[in-house]
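Data first, discussion second: the structure below is written as structure tokens.
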There are 2 protein chains.
Amino acid sequence: MVVLRRTVPATGSQVHTRKNWIDPNTSMTADKPRARLTLNDVARGCGVSRATVSLVLRGSPLVHAETRARVEAEIRRVGYIYNRAAANLRAQSSSSVALVVNDLSNPYFAEFAAGVDEALAAIGFVTLLGSTGESVQRQQAVLASLVEHAPAGIILSPAEGSDGASVARAVGPHVPVLVFNRELDGAWDYLVMDNRTGARLATEHLIGLGHRRIAFYGGHRDSSSCRERRDGYLQALAVAGLEAAPRWRIETAPTRLEAARQVGALLATEPVPTAAVCYNDAVALGLQLGLVARGRQAGVDFAVVGFDDIPEAAMSVPPLTTVATAPRARGRQAAERILARMRDPSIAIARQTIPVQLIARESSCPPPDASGNRRHE
Amino acid sequence: MVVLRRTVPATGSQVHTRKNWIDPNTSMTADKPRARLTLNDVARGCGVSRATVSLVLRGSPLVHAETRARVEAEIRRVGYIYNRAAANLRAQSSSSVALVVNDLSNPYFAEFAAGVDEALAAIGFVTLLGSTGESVQRQQAVLASLVEHAPAGIILSPAEGSDGASVARAVGPHVPVLVFNRELDGAWDYLVMDNRTGARLATEHLIGLGHRRIAFYGGHRDSSSCRERRDGYLQALAVAGLEAAPRWRIETAPTRLEAARQVGALLATEPVPTAAVCYNDAVALGLQLGLVARGRQAGVDFAVVGFDDIPEAAMSVPPLTTVATAPRARGRQAAERILARMRDPSIAIARQTIPVQLIARESSCPPPDASGNRRHE
DNA sequence: GAAGCGACTTGGAACGATCCAAATTCGGAA
DNA sequence: TTCCGAATTTGGATCGTTCCAAGTCGCTTC
């Protein structure tokens with residue numbers, strides 16, 4: 001029966017201490033009502049060999065239709081459950097994919113995970129979940145733990161500050177990795193959003209509405225996605241010949257709460273901007289709230305653009321103009337990508353850039369003094 | 001190397017068709033740079049036996065300190081990766097737990113999943129993810145697929161309309177199941193929220209504020225959690241001797257969007273209620289939006305109470321009064337519970353009810369005409 | 001110097017499946 | 001009837017680990 005073991009074999013830098021040892025003989029074993037059924041039980045039950053049952057289970061055309069029917073009936077009758085671990089051991093294959101993200105409570109990652117699982121489940125694979133909470137140490141531990149389950153591939157959104165070499169060491173040379181969402185030093189398969197273009201589109205949208213003083217609001221300076229979005233913003237300003245004042249770049253944690261708190265800093269700049277490109281939707285929604293608290297209103301006297309198009313974006317007051325990246329579809333895409341590599345490991349590693357799309361809603365209004373400007377759409 | 005197989009062995013009612021067969025001989029195999037390292041390689045590398053290396057990996061006190069050091073050095077040197085599937089096969093144990101939820105994009109479940117994974121990762125277990133999308137068929141397929149990976153336990157939030165017998169058949173008699181969040185016919189371990197008490201507290205809070213016409217807003221009639229919450233609401237009304245008009249019970253899908261759309265139906269009742277207990281926070285937030293669209297404002301001329309205390313609840317305008325259930329902590333609790341059962345399968349199955357807590361914020365105001373009433377807190 | 005005793009190490013069997021080469025059965029052709 | 005190839009079935013070896021009974025070693029004790 002199932003035996004719970006507290007120790008985790010140390011294959012990396014982790015070292016065992018003696019006190020972790022649980023003597024397998026003294027550890028309690030379940031009273032087994034019946035042992036788990038195996039191929040042999042089924043085979044015996046319907047008078048064929050192990051090998052034949054195995055062929056039936058795998059849908060081989062080699063078995064006679066009548067035999068197949070008999071075996072399938074027996075399988076159903078006794079409630080046999082396939083042991084995929086044993087099969088994978090012998091066949092040197094795997095039917096799971098590991099997904100490592102920062103935090104599922106971020107709706108963006110939750111949607112992404114749902115997309116991954118959806119695509120994997122469709123072909124009978126399971127998703128092994130791991131979350132790092134943005135901690136590099138936890139990431140190493142999680143990767144070490146997951147890789148021991150021999151996933152066919154790993155989809156990784158690296159924690160901030162990850163070291164590519166450490167990741168490579170933890171994963172080993174045999175499991176394909178797809179890096180998602182963030183940069184990681186080294187040669188990896190990538191699936192990244194076109195952050196730069198997205199932010200550029202958002203900024204150009206605001207410029208087109210007549211804004212001249214545009215802030216870049218929120219996000220951590222050192223996060224790669226934030227850097228890229230900021231670059232897109234700066235690029236659009238430069239092309240339009242507009243000022244890119246550093247005081248209009250406000251750094252916040254990428255959460256609603258922090259963003260709401262920092263609105264004062266934004267409005268204290270002189271001259272005050274009339275619009276903001278936000279690091280992501282959470283920040284943008286926080287900015288909207290902060291504006292309300294200070295007697296302003298997004299979409300009326302201040303224009304706000306977000307990034308991600310999380311479900312809340314369409315439902316906020318006012319509905320948020322944002323850059324859509326369709327996380328669920330991205331999840332499916334990531335799964336497809338890693339499956340493709342598993343099918344043919346020889347394909348070249350590549351960086352795949354996800355196109356983004358500007359969704360104009362009501363939070364982006366023309367500037368108060370832009371009566372002469374026409375609204376572009 | 002890894003071989004991708006499209007077919008899913010049919011152990012349940014699923015039947016194979018011949019066209020699914022992929023001949024293992026013709027399916028492409030990876031060019032193997034080096035075979036994966038095994039215990040034997042490590043053993044040979046440092047001149048001890050397989051068994052000794054195995055003992056080192058498991059932190060046994062039986063091995064000499066010097067030997068252990070030599071083996072650990074070799075393990076690190078060659079980058080050996082433990083094959084947990086093989087170990088589990090021989091030891092008849094497991095180090096994974098399956099988690100089956102409706103939909104990760106629901107922030108409540110995402111938080112719950114994060115909690116489960118957090119608790120499991122702490123003891124070196126991994127989470128196998130499955131989502132049903134509220135489909136009973138998908139649930140059967142997902143369970144069948146997960147159970148083949150021999151999880152040590154399953155945490156299941158059943159899809160609406162699940163049949164306990166089918167679930168039992170899919171899971172088999174050897175894997176402990178913890179049912180979460182919803183009722184399922186049959187004898188199961190349960191972890192359920194105290195929906196009734198929560199809704200009662202919410203309703204009593206509104207009654208205490210002076211409301212006399214209180215609606216129950218949102219949710220599906222046939223969902224067990226909705227039924228329980230409605231019962232709590234009715235109970236509170238009955239105790240206070242207030243009318244429980246059926247026209248004040250509005251059914252909606254449990255989403256923000258649907259809830260916002262149905263506000264018209266709520267305000268069309270005669271006499272119109274002054275407050276609403278909502279099925280959950282998503283519905284409550286939708287209600288708040290819908291009120292704004294109709295010239296009313298929650299927390300000013302209409303009181304709204306939600307359920308769940310999702311992160312958005314504290315950040316909405318106005319902040320939402322709600323019933324907190326701490327999904328992340330619930331996730332941890334669920335994991336602990338299933339681990340406890342694995343340690344000792346003989347413990348009696350039980351129903352564990354999660355206490356809930358009313359969080360009063362600003363969306364629940366006294367009724368407009370209640371000038372004489374004092375506000376209770 | 002033989003026996004006894006810890007402390008440590010070890011080789012073969014086993015877990016439940018797949019692979020593979022060989023065996024068996026089945027029809028039809030010679 | 002006999003033979004042949006195609007169709008179908010099969011038993012042993014094997015995947016990488018753990019279990020277990022038995023082994024080796026060094027040291028004390030009589």
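Convention: sequence-line order gives letters A, B, ...; per-chain numbering from 1.
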Euclidean distance, atom CG of residue A:N83 to atom P of C:dC15 [Å, nearest integer]: 12 Å
Length of the line joining A:L39:CG and C:dC19:C1', which is rounded to integer Å: 13 Å
Shortest side-chain distance from A:A87, nucleotide among D:dT8, C:dA17, D:dT17: C:dA17
Atom-pair distance (CG on A:L62; C1' on D:dA7), nearest Å: 9 Å
Any side-chain heavy-atom pair of B:T132 and B:L143 under 4.5 Å: no
Any B:T38 side-chain N or O less than 4.0 Å from OP1/OP2 of D:dC15: no
Working for side chain to side chain contact (heavy atoms under 4.5 Å, CB included), residues B:H149 and A:S95: CA-CA 9 Å; B:H149 287 85; A:S95 57; 3.2 Å; yes
Distance in angstrom units between B:Y82 OH and D:dT17 C1', rounded: 7 Å
Protein-nucleotide distance (A:R68, atom CZ; D:dA7, atom C1'), rounded to Å: 13 Å
Student check: side-chain heavy atoms of B:V42 and B:V48 closer than 4.5 Å: no
Verdict with supporting geometry, B:W188 and B:V167, side chain to side chain contact (heavy atoms under 4.5 Å, CB included): CA-CA 11 Å; B:W188 305 95; B:V167 170; 3.8 Å; yes
Can you tabulate the close N/O pairs, meaning under 3.5 Å, that link protein atoms to atoms of nucleotides 22-25 of chain C?
none

Test item: A:L128 and A:V97 side chains (from C-beta on) under 4.5 Å apart, heavy atoms: no
Candidates D:dT9, C:dG16, D:dT18 - which lies nearest the side chain of A:H64: D:dT9
Interatomic distance where CG belongs to B:N40 and P belongs to D:dT17 [whole Å]: 8 Å
Shortest side-chain distance from B:S54, nucleotide among D:dT18, C:dA17, D:dG16: D:dT18
Nearest-angstrom distance from the residue atom CG of B:L89 to P of C:dA14: 14 Å
Pair B:I155-B:V100, side chain to side chain contact (heavy atoms under 4.5 Å, CB included): steps then yes or no: CA-CA 6 Å; B:I155 299 172; B:V100 182; over 6 Å; no
d(CG, A:N88; C1', C:dG16) in whole Å: 12 Å
Distance below 4.0 Å between B:Q92 side-chain N/O and D:dC19 OP1 or OP2: no
A:T127 side, atom OG1; B:L99 side, atom CG - distance, nearest 0.5 Å: 11.0 Å
Between the protein and nucleotides 10-13 of chain D, list the N/O to N/O atom pairs that are separated by less than 3.5 angstrom.
from: D:dT10; atom 1: OP2; to: A:S49; atom 2: N; distance (Å): 2.8
from: D:dT10; atom 1: OP2; to: A:S49; atom 2: OG; distance (Å): 3.2
from: D:dT10; atom 1: OP2; to: A:T52; atom 2: OG1; distance (Å): 2.8
from: D:dG12; atom 1: N7; to: A:R50; atom 2: NH2; distance (Å): 3.0
from: D:dG12; atom 1: O6; to: A:R50; atom 2: NH2; distance (Å): 2.9
from: D:dA13; atom 1: N6; to: A:R50; atom 2: NH2; distance (Å): 3.3

B:R58 vs D:dC19: side-chain N/O to OP1/OP2 distance below 4.0 Å: yes
Heavy-atom side-chain proximity of A:V116 to A:R332 below 4.5 angstrom: no
Parallel, tilted or perpendicular: ring planes of A:F180 versus A:F112, cut at 30 and 60 degrees: parallel
